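The block underneath contains the structure these notes are about, expressed in C-alpha cells.
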There are 2 protein chains.
Amino acid sequence: MNKIKVIIADDHELFRNGLKELLIKHDDIEVVDMVGDGNQFINAIQSIPDVNIVLLDLTMPNMDGFEVLKTLKDYNTNIKPIIISMHNDGNYIAKSAKAGAYGYLLKNTDEDELIKVIRLVSQNKKYFSPNIAEKMINFMSEHKVSENILSNKEKEVLGLISEGLTTKEIAAKLFVSTRTIETHRANVLKKLEVKNTAELIKKATQINLI
Amino acid sequence: MNKIKVIIADDHELFRNGLKELLIKHDDIEVVDMVGDGNQFINAIQSIPDVNIVLLDLTMPNMDGFEVLKTLKDYNTNIKPIIISMHNDGNYIAKSAKAGAYGYLLKNTDEDELIKVIRLVSQNKKYFSPNIAEKMINFMSEHKVSENILSNKEKEVLGLISEGLTTKEIAAKLFVSTRTIETHRANVLKKLEVKNTAELIKKATQINLI
DNA sequence: ATTTATATCCGTATAAATACGGATGCCTGA
DNA sequence: TCAGGCATCCGTATTTATACGGATATAAAT
C-alpha cells in the first residue's frame with residue numbers, strides 16, 4: 001500500500017514537530033519533509049518525488065502561503081495543498097480557495113478532522129468544513145473577493161496614512177495637491193467599506209494591506 | 001521516580017495535541033491535562049494535584065496568559081509557568097518575566113530546548129534563552145516596561161475607536177460627555193507616543209491592545 | 001470602439017480630531 | 001495620611017477628515 005506523502009510547511013518548529021508526531025501515528029501517512037518557509041518548500045519539492053500533500057501555513061517568512069499556492073499552480077504539480085491557518089477569516093479562506101487550496105483547516109481543529117481531510121484530499125477531493133465554507137460564502141456575498149482592491153497609488157497613500165502622515169503631508173511628499181490625496185483617501189474608504197481612518201487602519205491590518 | 005507533571009494551555013487544538021506527543025516521548029515528563037483557555041486552566045488546577053509546570057500560551061480567549069500569570073501569583077501555587085508564544089516581542093517578554101514566568105519560549109524553538117527548559121524549571125530554576133533575554137534587556141532600556149500603559153477606561157475607549165466609532169458616538173455609548181472621551185483619546189495618544197488616529201490604531205494592533 | 005479604472009484637480013460645508021491649559025472628587029498604595 | 005493615578009468635566013482655537021458633487025486626460029480592458 002502506498003502511503004500518503006506529506007510535507008509540512010510552517011514557520012513554528014514546535015508546531016511542525018508536534019504535527020509530525022500526530023501524523024505518523026497513522027500508518028497510511030508519511031511525513032517526507034518539514035520546512036519553515038515557502039522558499040524551503042519550493043526547494044524541497046525539486047528533490048522529493050511524488051509528494052501528495054502539503055500542509056501549508058499562510059503566514060510564513062520569505063514566501064507566504066498564498067505565494068506558494070500560486071507557485072504550485074504555475075508549476076502544475078500534483079501536490080495538493082491543504083491550508084492550516086489560525087485565521088478564521090473569510091478573506092483568507094476565499095483567497096486560498098481561489099488560489100487552489102484543497103482544504104482549509106484552523107489550528108484549533110481536532111486531530112480526527114485533520115486526518116480525515118488528508119485522506120479525502122489524497123483522493124483528489126476538496127474539503128472545506130461546513131463552518132469554513134459558510135465563512136467563505138458569507139464573505140463572498142458581502143465583499144468582492146479582494147485581490148487587488150486598491151490601485152497602486154491608493155496602496156501607497158494608505159501606507160503613508162498608516163505611518164501617521166496627514167493628507168497635507170502626503171500631498172507634499174508625492175508632489176500632488178491635497179485634493180488629490182483627499183480623493184484617494186475617500187476612494188480607499190469606500191473600497192474597504194469603512195467610514196473613517198480608525199476602521200480603515202484596522203481593516204487594512206486585518207487583510208494584510210499594510 | 002516522580003515524573004514532571006505538565007499542563008498545556010493553548011487555544012489551538014492541533015498545537016496542544018502535537019506538543020503532547022512531543023512531550024510524552026520523554027519518560028520523565030507527564031502531560032496531566034490540556035486546556036484551551038485560561039478559565040479552563042484555573043478550573044483544571046482545582047482538581048489536579050501537584051502540577052509542576054504549565055506551558056502557557058499568551059494569546060488565548062476568555063483569560064489570556066498574562067491574567068493566568070497574575071492569578072497563579074495570587075493563588076501562591078507551586079505551578080511554574082513557562083510561556084510558549086509566537087511573539088518575539090520585547091514587551092511581551094518583559095511583561096511575562098515581571099509577572100512571574102519561569103521561562104519564555106518561541107513557538108519556533110526546537111524540541112531539545114523545550115525539554116531542557118522544562119527540566120530546568122522543574123528544578124525551580126528560571127531560564128530565558130540568550131536571545132530572548134537580550135530582547136528583553138534591549139526593550140527595557142528603551143521603554144519603560146509598559147505593564148498597564150492604558151487604564152481600563154482608556155482601553156475601552158481605544159477599542160471603540162478601533163471599531164470606527166467617533167468621539168461623539170463613544171460618549172453617547174458610555175454616557176459621558178464628549179470632552180471626557182476627547183481627554184481619554186488625547187491621553188491614549190500621548191501614552192502610546194503617536195500623533196493621530198491612524199498611527200494609534202497601527203501601534204495598538206502591533207502591541208496587541210486591540 | 002466604447003466602456004471602465006485610474007490619477008489628477010476644484011469648490012463648499014460640516015464634522016471630527018488635536019492641542020493648549022485648566023479643575024474636581026475618588027480611590028489606592030506607599 | 002498623602003501623593004498619584006484615574007475618570008470625569010470645561011473653554012478656546014486650529015487643523016484634519018469626511019461628504020457632497022463635479023471635471024479631465026490617459027490607459028487598460030472588453
Side-chain angles (χ1 to χ4, degrees), chain A residues 143-205 209-210, chain B residues 67 70-71 73-74 76 95 98-100 143-205 209-210:
Chain A
H143 315 66
K144 34 262 140 219
V145 180
S146 55
E147 196 108 35
N148 293 312
I149 350 176
L150 301 187
S151 71
N152 285 333
K153 229 344 154 259
E154 285 164 347
K155 276 185 214 158
E156 186 180 14
V157 170
L158 172 57
L160 295 171
I161 292 172
S162 81
E163 286 169 25
L165 301 213
T166 65
T167 296
K168 200 196 286 182
E169 289 166 338
I170 296 170
K173 185 158 195 157
L174 303 185
F175 304 109
V176 297
S177 90
T178 62
R179 285 323 297 350
T180 301
I181 302 301
E182 281 169 25
T183 306
H184 286 320
R185 220 178 162 121
N187 290 336
V188 170
L189 288 182
K190 203 195 320 176
K191 286 187 179 179
L192 294 191
E193 294 166 323
V194 293
K195 65 178 209 297
N196 60 31
T197 307
E199 255 193 303
L200 168 65
I201 300 297
K202 191 184 169 201
K203 178 133 192 184
T205 307
L209 244 32
I210 50 180
Chain B
E67 293 174 88
K70 187 174 179 317
T71 308
K73 228 177 188 174
D74 291 346
N76 205 19
K95 245 175 103 177
K98 204 171 173 188
H143 314 66
K144 35 261 143 216
V145 179
S146 51
E147 186 116 40
N148 296 313
I149 346 178
L150 300 187
S151 72
N152 286 333
K153 220 11 144 231
E154 286 163 346
K155 277 185 214 159
E156 187 179 13
V157 170
L158 173 56
L160 295 172
I161 293 173
S162 81
E163 285 169 24
L165 301 213
T166 64
T167 296
K168 200 195 286 180
E169 290 167 338
I170 296 171
K173 184 158 195 156
L174 302 185
F175 305 108
V176 298
S177 88
T178 61
R179 280 328 292 355
T180 302
I181 302 302
E182 281 169 26
T183 306
H184 287 320
R185 221 182 162 117
N187 289 337
V188 171
L189 288 182
K190 202 195 321 175
K191 286 188 180 179
L192 294 192
E193 295 167 324
V194 293
K195 65 178 210 296
N196 60 30
T197 306
E199 252 193 305
L200 168 64
I201 300 296
K202 191 183 167 200
K203 178 134 191 184
T205 306
L209 243 34
I210 52 179

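Since the structure is predicted, the reported quantities are computational estimates derived from the model, not experimental observations. We name chains A, B, ... by the order of the sequence lines, and we start the count at 1 in each one.
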Exercise. Do the side-chain N or O atoms of B:K195 get closer than 4.0 angstrom to the phosphate oxygens (OP1, OP2) of C:dT18?
Worked result: no

Exercise. Just to confirm, is there a sub-4.0 Å distance from OP1 or OP2 of D:dC9 to any side-chain nitrogen or oxygen of B:S177?
Worked result: yes

Exercise. Closest nucleotide of DNA chain D for A:T183 versus for A:T166: which of these residues is on the 5' side?
Worked result: A:T166

Exercise. Closer than 4.0 Å, any side-chain N/O of A:K191 to the OP1 or OP2 of C:dA5?
Worked result: no

Seminar exercise, completed: Rounded to 10°, the helix from C:dA1-D:dT30 to C:dA30-D:dT1 deviates from straight, judged by its five-pair end axes, by 70°

Exercise. In whole Å, what is the span from the CG atom of B:L165 to the C1' atom of C:dA17?
Worked result: 15 Å

For this session: Could you state the atom-to-atom distance from CZ of B:R179 to C1' of C:dA17 in whole Å?
Result: 11 Å

For this session: Round to a whole Å and report the spacing from CG of A:L200 to P of D:dT16.
Result: 18 Å

For this session: Starting at atom CG of A:N187, determine the distance to atom P of D:dC20, rounded to an integer number of angstrom.
Result: 14 Å

For this session: Using side-chain hydrogen bond (donor to acceptor under 3.5 Å, both in side chains) as the criterion, list what pairs up with A:E199, not counting sequence neighbours.
Result: none

For this session: On DNA chain D, check which nucleotide each of B:V176 and B:E182 is closest to and give me the residue with the more 5' one.
Result: B:V176

For this session: Indicate yes or no for a side-chain donor-acceptor contact from B:E182 to the backbone of B:R179 under 3.5 Å, with no hydrogens or angles considered.
Result: no

Exercise. Closer than 4.0 Å, any side-chain N/O of A:T180 to the OP1 or OP2 of C:dA7?
Worked result: no

Exercise. Between A:K195 and B:G164, is there a donor-acceptor pair closer than 3.5 Å when you use the side chain of the first and the backbone of the second?
Worked result: yes

Problem set entry | For atom CZ of A:R185 and atom P of D:dC20, their distance in whole Å | 17 Å

Exercise. How close or far is atom C1' of C:dA16 from atom NE2 of B:H184, stated in whole angstroms?
Worked result: 18 Å

Exercise. How close or far is atom P of C:dA16 from atom CD of A:E199, stated in whole angstroms?
Worked result: 14 Å

Exercise. Looking only at side-chain N and O atoms, does B:S151 come under 4.0 Å of OP1 or OP2 in D:dG5?
Worked result: no

